[in-house]
Each structure stands twice: as C-alpha cells, then as structure tokens.
Amino acid sequence: MIKAIRGFKDILPGETEKWVYLENLARKFFLNYGFREIRLPVLEKTELFARSIGETTDIVEKEMYTFLDRSQESLTLRPEATAGICRAVIENGLYAQAKILKLFTIGPMFRYERPQKGRLRQFHQLNAEVFGSQVPGTDAEIIILACDILEGGGAKKLKLEINSLGCPKCRPAFRDALQKFLKGLKDKLCEDCRRRAEKNPLRALDCKNETCQALYNEAPLIEDFWCEECREHFLRVLNDLEIVGLSYQKNPRLVRGLDYYVRTTFEIKAPNLGAQDTVAAGGRYDGLLKALGGPDLPGVGFAIGMERFLLVADLPEELAIKIDLFVAALGEPARQRILPLVHNLRKLGLAVDLDHEGRSLKAQLKQANRLKARYTLIVGENELSENKALLRDMESGVQEEIPLQSLEDSLFKRLKR
RNA sequence: GUGACCGUAGCUCAGGUGGUUAGAGCACCGGGCUGUGGCCCCGGGGAUCGUGGGUUCAAAUCCCACCGGUCACCCCA
C-alpha cells in the first residue's frame, strides 16, 4: 500500500469542518482589521529564503525541502510565509498603492523536521503582515489581532511573551557583549551554545539546557543596550497592550529563529501543548524588504500555527452541515418523478440528498437519520398513484401528505431559513 | 539528526511463558418489522497481524532491518 509521506497528513471529513470554521473565523478578523488576502506559490527560489531567513539559521541549514528542478534551478518549498509575501510585495509594486499595506495569507508550509505533537513536515499557518508603518501602534495592533483570533477560537490561558531585540543601531553592541560573555564561560556551556556563541549568540539565550540557563542569569541584558528610540518604541507597544487590557509578560531571553527580526518580538504560548507550545509568534522586520531588493519599508507581522491552534481551540459541538431534506424514493419511477424537484430545491440553495441505490425504505430512513435531515420526503408507488408525497418530520415523527403539484412551493416555504 | 515507547478489521482494543479455523465493542450491510429512522434482538461482510528477512516442526507472539506513529531532545508555528 502506498502511504502518505512522513509528517504529511490527510485532513479528513470530521476534521475539515473544524479547519473551515477556524479559517473563516480568522478571515473575518483579518478583514475586519483592514487586511486583504494574498495567495502565494508554495515553491520559491531557494535564494529567497537563504537571504531573508538567514544562512546560518536551522531552518535554512537543515530544515528546508530544497531540490533542483528539471532545468537545474534550486527551488524550495516555503518554510514560512513572510519571505514570499515580501517577494510578492516588491515584484508587484504593492507598496506603491498606499502608504500602509496590510496583507494576510493562509496556507501550508514545509519543514523537514522530526514529527511530534504539534509539529508536522507540512503544517499550516495563518499569516498577517503590515508594511510601511514604523509606529509602535502597528506592532501592538498585530499582537492584539493575533490574540483576538486565538481567543475567538476559544483558546484559553494563553501567555503572551514579548521582548525587543533592538535595532541595527544598538543590537551590535549587545551582540558583542553577549558574545564576549559566552566566550568567557565557553567550557561550561553545552555543545550547541558553544556553536551559537560563534555564529548566532542571541540564540543561545533560549537554550533549554538548565546549566546554560543558570549561567545566563549573569548574561548582559538587551534592555541595557537599547537605544533611546528602541526603548521608547517598546514602551509604547506595551502601553497600547495595556490600554486594551491585554496582559503580557516581558521576556528578555525571547529571541527568534529567523534573522530578520528587529525590535518587537513576541510569542503566544499555550499550556498543555507539550514541547511545541508556541501557537503564534511574530515581530518586526524593518530591514527585510530592502535586503530583498525592494524599497526601504518597515514591516511587522505574525504567524499562527493552525495545527496547534486546533489543539487549543474550543469549537462548537456540531460543525457538520445538517441537511434540510432527505428524499426517499421507492422504485425507479418514483426516483425519476422526484429528481427534478430535488434538482430545483438544490438550485434554490437547500441542502437536499437522495438515494439512487433503490434501497429499502428502512435503509433510506436510516440514512436520513444519519445525515441529521430535518425532514424526509417519502415517495413510492402508492404516493405516485394518488399524486401526493409524505413529508416526515424526523424530530417528531409526524407525517403529512402533500400534493405533488404544490410540492416544490410548500417544501421551499417550509425549509428556507 | 539523537533517544524512549509503540504498530492486530474502517475506529478503539483483547490475544500469559510460540501451538489448530486471530476475537470483542463501535461502525457498515441485511433480517426480525414483505413501506417507516433513533432503542432492542439475530445474522453477515470486513485482517497479506506495518513491511521484508531470520530462528523454529510451528511466529500476531522470539531476533534483525526498514517504514510509520507517539513523546522527548533539537528546532519552531
């Protein structure tokens, strides 16, 4: 038997209803917040991700689905959405349409990782980005939007952690100080942190190793290095969050796995999710558009992991569509007589189903029951000869006779909402 | 990439120390009710026991490899 490949999952009936529900919910929030939808290719040139995410990040070094196509060009299945959105914004000149550009996208991402709870190789993200705004109010709006969506999906007890990574003006000094600090206790650090000390010192800060973490209590703090603008920016973001009543937790150790972030960075974590507890994350990336050959416009955005959102969401009990009417036709003449009616009711927008298999009435009523039909219309030889049909209310079991001539009208009146 | 545990009908699981036709519940189909669903009773279909190799007279059961799953490391949404 041919099976789906590792880390790639079918989303089956019963699950899809939940996906559609949450996607619609998110889409409504996005649109209400003034975002417009953009749909992007899942394949891009490898160079796009190498340049945007960062050559030395784990994602680029060992987690991408990269291959040569038939013309020997290196392509990569997108591991995240921001790079592609930036590319599209630049390529299509979207930034020229208005000062502020707000975009969202929903779709699959791909990372070659070992699957576990809340982590698949093909996973799905809800993504929002704002281009052209440098003010802290936009950072706050992005965070508030992410929280609204998660809360709208019934997610409880979420924890918002926030930090500022500084900017190109002040971060290098912090980076140097941190690197010096890390090199000072080189022998005591775990293997990974020794490597990070060389290539990407900030990443050492969120090492899970307890020994390392204990040592980092003495590490230099980013906030001592913020320039005046970064400090002001951060405080104003926090202030907006407070104004709307969002509680947060400052986390000076919070860094990001992608190089392009500056200033505001945040994660939204959920309890009981195990090791992969970050449901959403995002931040500001002011230099990215320019680095990709576009205009020097600031950007800020976030991503929500759909699979993880599903794990923490509290969904309505019954999401499957209940049908309005099941038609039980007994015998081929009855089926043919009733087919046009079914067709018309369906065209009028009603949920109507019928059985073409010629099964017993008992079997058909059972099927109607399973489909949670409000009514079942029974038409057999008896009914045809008397020019009528039986309409059974599946809740009460009450049946009434309806003349065939007026069937469409009376059914539509009864069933429309 | 590393480690631990796991893999038996569509689903959830049972099958002491190897031993005859691999079972159950749910789901599905049919009958009881020759044209009336949900409850009940009866019957039926459905399993290359993850795959491949090995040990053995004999393997779902023991061994090895691979594949897949779960959780953790790592990483991150």
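Chain A is the first sequence line, chain B the second, and so forth, proteins listed ahead of strands; every chain is numbered from 1. We use all heavy atoms of the structure for the numbers below, so side chains are in, but hydrogens, waters and symmetry mates are not.
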Its contact letters, B for base, S for sugar-phosphate only and - for none at protein heavy atoms under 4.0 Å, make nucleotides 35-48 of chain B read BBBB----------
A correct 5'-to-3' footprint of nucleotides 1-8 of chain B, with B, S and - meaning base, sugar-phosphate only and no protein heavy atom under 4.0 Å, is BBB-----
Rounded to whole Å, how long is the line connecting atom [atom1] of [X] with atom [atom2] of [N]?
| X | N | atom1 | atom2 | answer |
| --- | --- | --- | --- | --- |
| Glu129(A) | A77(B) | CD | P | 12 Å |
| Arg121(A) | U70(B) | CZ | P | 11 Å |
| Asn127(A) | C76(B) | CG | C1' | 14 Å |
| Glu63(A) | C73(B) | CD | P | 15 Å |
| Phe8(A) | G68(B) | CZ | P | 12 Å |
| Gln276(A) | A77(B) | CD | P | 11 Å |
| Ile5(A) | G69(B) | CD1 | P | 10 Å |
| Lys117(A) | C76(B) | NZ | C1' | 16 Å |

Without swapping roles, check the side chain of [X] against the backbone of [Y] for a donor-acceptor pair under 3.5 Å.
| X | Y | value |
| --- | --- | --- |
| Arg346(A) | Val352(A) | yes |
| Arg308(A) | Thr278(A) | yes |
| Asp393(A) | Gly397(A) | no |
| Glu17(A) | Gly14(A) | yes |

Q: Answer yes if the side chains of Thr105(A) and Glu37(A) hold a donor-acceptor pair under 3.5 Å, and no otherwise.
A: no
### Message
Testing the 3.5 Å rule here: is there a donor-acceptor pair between the side chains of Gln399(A) and Arg392(A)?
### Response
yes
Sorted by position of nearest nucleotide on RNA chain B, 5' first, the leading residue of Ala4(A) and Leu273(A) is Ala4(A)
Walking RNA chain B from its 5' end, the first of Phe123(A) and Gly274(A) to be reached, judged by nearest nucleotide, is Gly274(A)
[N] pairs with, by Watson-Crick or G-U criteria that keep both distances under 3.5 Å:
| N | result |
| --- | --- |
| U36(B) | none |
| C13(B) | G23(B) |
| C67(B) | G7(B) |
| G1(B) | C73(B) |
| A58(B) | none |

**Prompt:** Between G18(B) and A77(B), how far is it from one C1' atom to the other, in whole Å?
**Reply:** 48 Å
* Say you pick atom C1' in G23(B) and the same atom in A47(B); how far apart are they, in whole Å? -> 11 Å
Would you indicate what [X] reaches in the nucleic acid, counting non-hydrogen atoms under 4.0 angstrom: base, sugar-phosphate, or nothing?
| X | answer |
| --- | --- |
| Arg6(A) | sugar-phosphate |
| Leu120(A) | base |
| Ala368(A) | nothing |
| Gly14(A) | nothing |

Is Arg121(A) close enough and on-axis enough to Tyr112(A), meaning under 6.0 Å and within 45°, for cation-pi? yes
Result for side-chain hydrogen bond (donor to acceptor under 3.5 Å, both in side chains) between Arg284(A) and one of Thr265(A), Thr264(A), Asp139(A) points to Asp139(A)
Can you tell me if Gln116(A) touches the phosphate of A72(B), counting only side-chain N or O atoms and a distance under 4.0 Å to OP1 or OP2?
yes
- Measure up the Phe104(A) and Phe30(A) rings against each other and bin them: parallel (under 30°), tilted (30 to 60°), perpendicular (over 60°). parallel
What pairs of donor and acceptor atoms, side-chain ones from residues 215-225 of chain A against any protein atom, are under 3.5 angstrom apart with sequence neighbours left out?
residue: Asn217(A); atom: OD1; partner: Arg253(A); partner atom: NH2; Å: 3.1
residue: Asn217(A); atom: ND2; partner: Ala214(A); partner atom: O; Å: 3.3

- Is there a side-chain contact between Pro403(A) and Asn387(A), using heavy atoms and a 4.5 Å cut-off? no
